[in-house]
Structures are given as C-alpha cells and as structure tokens.
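Here the structure is a predicted model, which means the values were calculated and not measured. By convention in this document, chain letters (A, B, ...) are assigned in the order of the sequence lines, proteins followed by strands, and residues within each chain are numbered from 1.
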Protein chains: 2
Amino acid sequence: METLGIGALAKRAGVGIDTVRYYERSGLLAPKTRLRSGYRRYSTAELARLRFIRRAQTLGFSLKEIRELLALSRDRDVARVKRAAQAKLADVEQRIAALERMRDGLAMLIAACPGHGDPTECPILRALGGEGPDALDLPCASAPHPGAP
Amino acid sequence: METLGIGALAKRAGVGIDTVRYYERSGLLAPKTRLRSGYRRYSTAELARLRFIRRAQTLGFSLKEIRELLALSRDRDVARVKRAAQAKLADVEQRIAALERMRDGLAMLIAACPGHGDPTECPILRALGGEGPDALDLPCASAPHPGAP
DNA sequence: CTTGACCCTGGACCTCGCTCCAGGGGCTAG
DNA sequence: CTAGCCCCTGGAGCGAGGTCCAGGGTCAAG
C-alpha cells in the first residue's frame, strides 16, 4: 500500500506541514507508522481524517470538539457512539437555527431598503445605527429580557 | 437622557467591563461622551450596539467582520450599504448550507446505526474510522478534486 | 560522495479575544 | 476626613490555533 510523507499529506489536504505536526501534538492525527529514521508515514485513511478535521473546522467546530468526534471511533460502545452523534446533530441544528435568524433579519432589512435616496430612510442603517434612538434590534437571538442572565 | 457608566453597560449586556474596554480599543464601540474625570458614559444606542456585537459573535462573525458590518452605519452611500449587507447575507447562507450538509450526513449515519451490536457494523464508526480502508467521507463540503486549490 | 529536497525535534513567536493585575483618581455617605 | 465603590491607564498573561526558525539527520539522483 502506498503511503505518504508528511509533505505529500499536507499538500494533498491543503494544509501546512507544521499544521499536521500540530494536530499530532494535539492528539488529532497520528501517522500510520514511522520509519526507523523517525519519518512519519501516512495512509489514505489519515488523509481522509485530516480532510475531515478541516471540514469540521470550517463548520465552526473547535479542535477539542473534533477530537471528541474522532474519539468515537475508538469507542466500542455503539449505543454511546450513537448518543454522541445525536448530541452533535443537535448542536449543528442549533447553529443552523441561529444563522437562519440572522439570515432572515438581514433579508428583511435588504428587502426594505430601496438602495438609494435618503440615508436616514435606509432600514439597514437605522438598524445598525450607532446614533439613532431606535437603534438596532434586528437579527435577534433571544434577548428580550435585559434583566435576565 | 439617562446615560450609563461602563459597569452598568457591561452588566446590562452581560459582558465584562474589560471586554467593553477591549471593544473600544478595537474600534467597535466608543462611549457617547466622557466626563472630565475620564469616565465613560454610554447611551442606550451603545447598549444596543454592544448587544448586536455579541449576537453577531455567537453567529460566528469575527470582530473584524463585525467592525465591517458596523462601519456601514458610517457610510452615507445607501447603495453600497445595501451591497455589503447582501454580501453578508450570502456569507450567512453559505455557512448554513455547509452546516446543513453536515447535519444531513450526521442524520444519515444516525439513522443507519442500529445503536447496538457489532461495532464494525456501525456506520458512524465506519465513517469516522481512523483505520478502516473505507474511512470517512461523510459531511462533505465539496472536495471531490484532490488536485484543485 | 556530494547535492538538494525532504524530514526530525524543540522551542520561540504570532493573532484573536479576552481577562486580570497594579497603581492611582473620582465621588458619595457617614 | 475616611470608607468604600466605581472608574482610569498601561501592560501582562492566557488558551486556541497555528507558524516559523535553528540545528541537525535522511535519502535518492547524479
């Protein structure tokens, strides 16, 4: 089976060599083997894992969370694995819902803005406003009770 | 008009005093005025702005991006403001789409997992796998071309 | 055997987004 | 006047996630 050196792996995944080593230090990605010289050798499984890490990161997961996700594969308790996956699903769904609220708020403002004319009429400016007395209150992610923690 | 000291402002927004000062240093939030003593005074407009900053952050915007969003309110060119808002909207929509792909991938794996029995049968473990030759390839955010930047 | 690309370790350094001093002043109540 | 609380500035420190050496070994091609 063809294996990759750290440079080839990094290149194929579009990351820096140092980043690969950093992930290893962080317990995210170990080389499949090492040569006697100490050189790391990776298989395509590690490449896939590395790509997964990057994808998950762009979706807002921290390395710690990704480590948890990946740790599932070491876990032999299938029921626990499934519950963990469900928890991550709920997490993802919450992120989506929050972003959808912001999307709707933005879309509404854009729709209401004529795109020309008096700046004081522009709902976007009014909403973001740092001066108007009606200020901003748009893409609201639940904060109707100023007194509540 | 009633104004707030930095402590009251921070409390009402649910952030630390140091955070407010940090945002000021970062050009995100200036006090409405200062007393001769140097004390910062804020109006409810600043409170709203601060809350907006926090909301936007929880939605994954960096302080730099938030600064851009807020800078729009200083911009008197309504058309440009509208375009910037549309760009942010597109950004948010992309994040949502990426998360939806991950959600669907996770949901599929969960649905396919019986939740008990042989771990080697569990699709979640197989997908996350750090050892199986079929490895993971699930919540794919477009990466079918290993050779493309 | 030499050259050049590649790799090793260990540790310093960087940006972000805070968070926490130290050392001092302002303001109000008793 | 003295507490006691709030506020000021400047700067250090921290965790996350890298990024960049220095100093040295490996290895394949010529």
Close side-chain approach of B:Leu50 and B:Tyr42, heavy atoms under 4.5 Å: no
Side chains of B:Glu100 and B:Ile96 in contact at under 4.5 Å (non-hydrogen atoms): yes
Spacing between B:Arg67 atom CZ and C:dC16 atom C1', to the nearest angstrom: 11 Å
Presence of B:Tyr23 side-chain N/O under 4.0 Å of C:dC18 phosphate oxygens OP1/OP2: yes
Sugar-phosphate, base or nothing in reach of A:Arg41, heavy atoms under 4.0 Å: nothing
First encountered from the 5' end of DNA chain C, between B:Arg54 and B:Ser37: B:Arg54
A:Arg40 side chain reached by A:Lys32 side chain, heavy atoms, under 4.5 Å: no
Protein-nucleotide distance (B:Tyr22, atom OH; C:dT15, atom P), rounded to Å: 12 Å
Side-chain N,O (B:Thr19) to OP1/OP2 (C:dT19) below 4.0 Å: yes
Within-4.5 Å side-chain heavy-atom neighbours: B:Leu63 and B:Tyr22: yes
Interatomic distance, B:Tyr39 OH vs C:dG24 C1' [rounded to whole Å]: 11 Å
Length of the line joining A:Lys11:NZ and C:dC6:C1', which is rounded to integer Å: 12 Å
Donor-acceptor side-chain pairing of A:Gln57 and A:Arg54 below 3.5 angstrom: yes
Sugar-phosphate only, base, or nothing, as touched by B:Gly16 at under 4.0 Å among non-hydrogen atoms: nothing
Close side-chain approach of A:Glu24 and A:Leu29, heavy atoms under 4.5 Å: no
Most 5' of A:Arg21 and A:Leu35 on DNA chain D, judged by nearest nucleotide: A:Arg21
Sugar-phosphate only, base, or nothing, as touched by A:Ser26 at under 4.0 Å among non-hydrogen atoms: nothing
DNA chain D: 5'-most and 3'-most nucleotides touching chain B, 4.0 angstrom heavy-atom criterion: D:dC6 to D:dT9
Heavy atoms of other groups near A:Gln94 CD, more than 12 under 6.0 Å: no
Touch class at under 4.0 angstrom, heavy-atom based, for A:Arg34 against every strand present: sugar-phosphate
